[in-house]
Asks: 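I'd like to ask some things about the structure below.
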Amino acid sequence: MGSNTLGKAATLDELLNTCIEMFDDKGNPCSSHLPRTFLLMHRWYLPSTELAGKLLSTYPFTKDADGENCNEFRLKICYFMRYWILEFPAEFNLDLGLIRLTEEFQEVASQLGYEDHIHLIDISSIPSYDWMRRVTQRKKISKKGKACLLFDHLEPIELAEHLTFLEHKSFRRISFTDYQSYVIHGCLENNPTLERSIALFNGISKWVQLMVLSKPTPQQRAEVITKFINVAQKLLQLQNFNTLMAVVGGLSHSSISRLKETHSHLSSEVTKDWNEMTELVSSNGNYCNYRKTFADCVGFKIPILGVHLKDLIAVHVIFPDWIDENKVNIVKMQQLSITLSELVSLQTASHHLEPNLDLINLLTLSLDLYHTEDDIYKLSLVLEPRNSKSPTSPTTPNKPVVPLEWASGVIPKPDPTVINKHIRKLVDSVFRNYDHDHDGYISQEDFESIAANFPFLDSFCVLDKDQDGLISKEEMMAYFLRAKSQFQCKMGPGFIHNFQEMTYLKPTFCEHCAGFLWGIIKQGYKCKDCGANCHKQCRDLLVLACRKFSRGTSVGSNHGSLPSSPSLPPVQDEVFEFPSVAAEHQDLDGRAITLVTGSSRKISVRLQRSQFYGKAGKNKGFAKWENEKPSMQADVELEAEAPQDIQDHNGRETLPETQESEVS
């Protein structure tokens, strides 16, 4: 009797009796598949103490067909208990309720005179699994310089071995109930063991980034990247795929992938090795390259935990736990057990690593980082400011994917109500800004201005449904509503600006209303991704695509995949740019503004439109200090063009010093 006889669903009692009947008179199951699957998965449906209680209540009252005590079935119950103890010994060491019921079981067997049964369910020789309960809580202590010291003095293979030791130590602590809790609830609440494992993963990724950014020159940073790529190769040899993913994720993070000058120092051989690593852990084909490589590995190996957790979530979402209210869905139970059984069995695999415990302690402290991603990215910007002339990074993937977000659970679909509301707000903003004659229509000429800021828009004739040469508000609403299935992937992200309050030390204008950002400090808000500036009250009204997305997706079609933020356009903070305003609406000639800086100095800014052969030219500005000494006064011509690179005394190209400060 097996799962085939039970069909696709069965009650818990039917499953339990079927498993017990599968043991022969020598205590061997005719097939270990169903008993092991049921014992592994029973906690999905009922606590272990309840299952043990069912066995205990059945044991003394077992009868045969003639109403006599059935010693054979009692023996099979004990064989089933022994199988449970041998296959999952940790449960009988950590679950106090299960220990108590097992001892009670032995007492009942003794009272009935079955001494041989007592020995079958003896748990006194089970080793201690108390280490699985403990989750290390470390203090935030100063460790400046230790991380660099450790990195500089370890060879790639030594570093890979010590990282693997830490990874396995964390991985083997995760219990069945930890996996179950995450899959069912989709979060890490009350799940400290799994949370610690994920913290280690993210800690390694951040540590990789900080090690690269700790070096002052591009050549030195390239050497660190090269070493980490060698570490990744050693991790692959050790079959530690989870740490391999963390290292590749760290090197692919936007704070590192944007370092164009650093990447220009990498050799072609290193770049080739890097591409192989990223292709291995690519999400293409549902991580098909990783799955094939992982399946071919034998012995000790550590999986990419996020990939397998997503597999469990997919099965859990697709199949119900119960059929007809009280019957276990056997198909789901078997599907879940395939992944869970592999994860549990890998935790018991032995390794041959011989780590230095002093180095392990130092490495553990180094990985407990308390830096935010913003902190790391700011450090990256300090080392290599944005520069549009930098070469393309060979380690920047063309299709950014973020493997570090695997622990965020199932991402809900966008709310249609919210999208419709956003569309209405968007259309109103478009007509408020581009319907210059306020007649409720957008002409083709006006549309050209809109298209410059809306790269995803179709052509004019597509929006103009009635082909009258004008786009009404209703036509634009209908267009966006038809395209709302693509709203999240095309338009939604492109309009989500990452605004932060800023203090500007130079004249700056609002991208929405073209008004001046007045004040001494915190005059407005700046998008950290695309550089758009606006008033506080204009943030929600700004109709301008965040250009980091449109530029970041224009390179190639290779979908090989590890993490990187979308490419960031160069933010030309040094340029005094004037908003593009039609001449008939505003006359810039001769207009001047006097600003008071943070000191006693005053700056006078005069706006002027230049003329070239009778045609309107570029907007220019002339600035000078009002209360400076005469010898030091000089008009500074500011033009709405990209700044020229400046060479320092070593001949290196640099950008002018930034003209604004960020206010946290």
Side-chain angles (χ1 to χ4, degrees), residues 2-3 19 29 31-45 48 83-84 86-91 94 129 132 164-165 167-184 191 193-194 196-198 200-201 235-246 280-283 285-319 321 328-353 403 406-407:
S3 57
C19 290
S31 170
S32 62
H33 176 68
L34 182 61
R36 194 179 194 285
T37 299
F38 179 68
L39 287 172
L40 172 68
M41 294 299 304
H42 76 271
R43 283 169 290 179
W44 201 274
Y45 310 99
S48 297
Y83 184 81
W84 187 3
L86 293 175
E87 290 293 319
F88 304 99
E91 290 185 52
L94 299 175
Y129 287 86
M132 292 187 69
T164 299
F165 179 84
E167 188 72 64
H168 180 252
K169 183 180 177 183
S170 175
F171 172 61
R172 66 198 290 255
R173 280 195 171 111
I174 306 172
S175 67
F176 176 92
T177 52
D178 293 327
Y179 292 125
Q180 179 187 6
S181 173
Y182 178 76
V183 172
I184 292 176
N191 198 343
T193 309
L194 190 56
R196 184 65 189 172
S197 176
I198 296 170
L200 175 63
F201 182 98
L235 289 168
L236 179 59
Q237 293 174 11
L238 294 170
Q239 301 182 161
N240 178 2
F241 294 91
N242 204 52
T243 307
L244 170 62
M245 179 69 122
L280 173 63
V281 293
S282 163
S283 61
N286 194 18
Y287 298 93
C288 62
N289 292 333
Y290 157 69
R291 293 182 192 276
K292 183 179 183 302
T293 305
F294 186 74
D296 292 340
C297 294
V298 294
F300 174 83
K301 55 184 178 179
I302 301 177
I304 300 176
L305 204 53
V307 173
H308 299 273
L309 281 174
K310 286 186 176 181
D311 291 345
L312 293 172
I313 290 173
V315 174
H316 178 62
V317 170
I318 293 171
F319 298 104
D321 289 336
V328 174
N329 187 339
I330 295 178
V331 175
K332 177 176 183 176
M333 183 180 74
Q334 291 175 333
Q335 288 293 322
L336 288 173
S337 70
I338 292 172
T339 301
L340 286 167
S341 179
E342 183 175 36
L343 291 175
V344 171
S345 63
L346 289 175
Q347 290 174 314
T348 60
S350 59
H351 59 76
H352 303 288
L353 303 172
W406 64 265

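Along the sequence shown, residues are numbered consecutively beginning with 1.
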Asks: Please confirm whether the ring centroid of F88 lies under 6.0 Å from the ring centroid of H42.
Replies: no
Asks: Looking only at non-hydrogen atoms, find the nearest pair between C19 and L34 and report the distance.
Replies: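 That closest heavy-atom pairing would be SG-CG, 3.9 Å.
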Asks: Would you sort out whether D296 and T293 count as a side-chain hydrogen bond (donor to acceptor under 3.5 Å, both in side chains), showing the intermediate values?
Replies: CA-CA 5 Å; D296 292 340; T293 305; 5.9 Å; no
Asks: So how far is it from S197 OG to N242 CG, rounded to the nearest 0.5 Å?
Replies: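 Nearest 0.5 Å value for the OG-CG distance: 6.0 Å.
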Asks: Where does the angle between the aromatic ring planes of H168 and F171 fall among parallel (under 30°), tilted (30 to 60°) and perpendicular (over 60°)?
Replies: tilted
Asks: Stepwise, does the side chain to side chain contact (heavy atoms under 4.5 Å, CB included) test hold for W44 with L336?
Replies: CA-CA 10 Å; W44 201 274; L336 288 173; 3.7 Å; yes
Asks: Do you know the tightest heavy-atom contact between P89 and L86?
Replies: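 Nearest heavy atoms, P89 then L86: CD-O, 3.6 Å.
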Asks: With a 4.5 Å limit on heavy-atom distance, are the side chains of K332 and H316 in contact?
Replies: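 They are in contact (side-chain heavy atoms under 4.5 Å apart), so the answer is yes.
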Asks: With the side chain counted from C-beta on, respond yes when L309 and L312 share a heavy-atom pair under 4.5 Å apart, and no when they do not.
Replies: yes
Asks: Which of these passes side-chain contact (heavy atoms from CB on, under 4.5 Å) with Y179: L305, N191, T339?
Replies: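 The single option meeting the side-chain contact (heavy atoms from CB on, under 4.5 Å) with Y179 is L305.
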Asks: Check side chain to side chain contact (heavy atoms under 4.5 Å, CB included) between N289 and all other residues, then give those that pass, not counting sequence neighbours.
Replies: E279
Asks: Between N240 and E167, is a side-chain hydrogen bond (donor to acceptor under 3.5 Å, both in side chains) present by the stated rule, with each step listed?
Replies: CA-CA 8 Å; N240 178 2; E167 188 72 64; 5.0 Å; no
Asks: CE/M41 to CD/Q180 distance, rounded to the nearest 0.5 angstrom?
Replies: 7.5 Å
Asks: Pair L238, F300 - check side chain to side chain contact (heavy atoms under 4.5 Å, CB included), show working.
Replies: CA-CA 8 Å; L238 294 170; F300 174 83; 5.7 Å; no
Asks: To the nearest 0.5 Å, how far apart are OH in Y290 and CG in L244?
Replies: 10.0 Å
Asks: Can you tell me how far the CD1 atom of I338 sits from the CG atom of L40, to the nearest 0.5 Å?
Replies: 11.5 Å
Asks: Less than 4.5 Å apart, side chain to side chain, heavy atoms only: is that true for V307 and R291?
Replies: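 When only atoms from C-beta onward are counted, R291 and V307 do touch, with a gap below 4.5 Å.
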Asks: Please evaluate residues F241 and L235 with respect to the criterion side chain to side chain contact (heavy atoms under 4.5 Å, CB included), reporting the C-alpha separation (whole Å), side-chain torsions for both, the decisive distance (0.1 Å), and the verdict.
Replies: CA-CA 7 Å; F241 294 91; L235 289 168; over 6 Å; no
Asks: With distance as the sole test, does S345 use its side chain to make a donor-acceptor pair with the main-chain N or O of E342 at under 3.5 Å?
Replies: yes
Asks: So, taking the atom named NE2 in H33 and the one named OG in S337, what distance separates them when rounded to the nearest 0.5 Å?
Replies: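 The OG atom of S337 is 6.0 Å from NE2 of H33, to the nearest 0.5 Å.
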Asks: Going by heavy atoms in the side chains, are D321 and M333 under 4.5 Å from each other?
Replies: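 No - every pair of side-chain heavy atoms lies 4.5 Å or more apart.
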Asks: Who passes ring pair (Phe, Tyr, Trp, His ring centres under 6.0 Å) against Y45, sequence neighbours left out?
Replies: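 Scan of Y45 (ring pair (Phe, Tyr, Trp, His ring centres under 6.0 Å), adjacent residues dropped) gives W322.
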Asks: Applying side chain to side chain contact (heavy atoms under 4.5 Å, CB included), run through W84 and S48 and close with a yes or a no.
Replies: CA-CA 11 Å; W84 187 3; S48 297; 4.0 Å; yes
Asks: If you take all heavy atoms of L346 and P303, which pair is closest and at what distance?
Replies: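 Heavy atoms only, the tightest pair is CD1-CD, 4.0 Å.
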Asks: Side chains of T243 and I302: closer than 4.5 Å at any heavy-atom pair?
Replies: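 Of all side-chain heavy-atom pairs linking I302 with T243, none is under 4.5 Å.
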Asks: Holding to salt bridge (Lys or Arg N to Asp or Glu O under 4.0 Å), I want the full list of residues that pass it with E87, two or more places apart in sequence or in another chain.
Replies: R36
Asks: Within a strict 4.5 Å, meaning less than it, do heavy atoms of the Y129 and E91 side chains meet?
Replies: no
Asks: Is the F294 ring parallel, tilted or perpendicular to the H308 ring (thresholds 30°, 60°)?
Replies: tilted
Asks: So, taking the atom named CG in D178 and the one named CZ in R173, what distance separates them when rounded to the nearest 0.5 Å?
Replies: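 Going from the CG atom of D178 to the CZ atom of R173 covers 11.5 Å.
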Asks: Do F201 and M245 have side chains that get closer than 4.5 Å, going by heavy atoms?
Replies: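 Result yes, sub-4.5 Å side-chain heavy-atom pair found.
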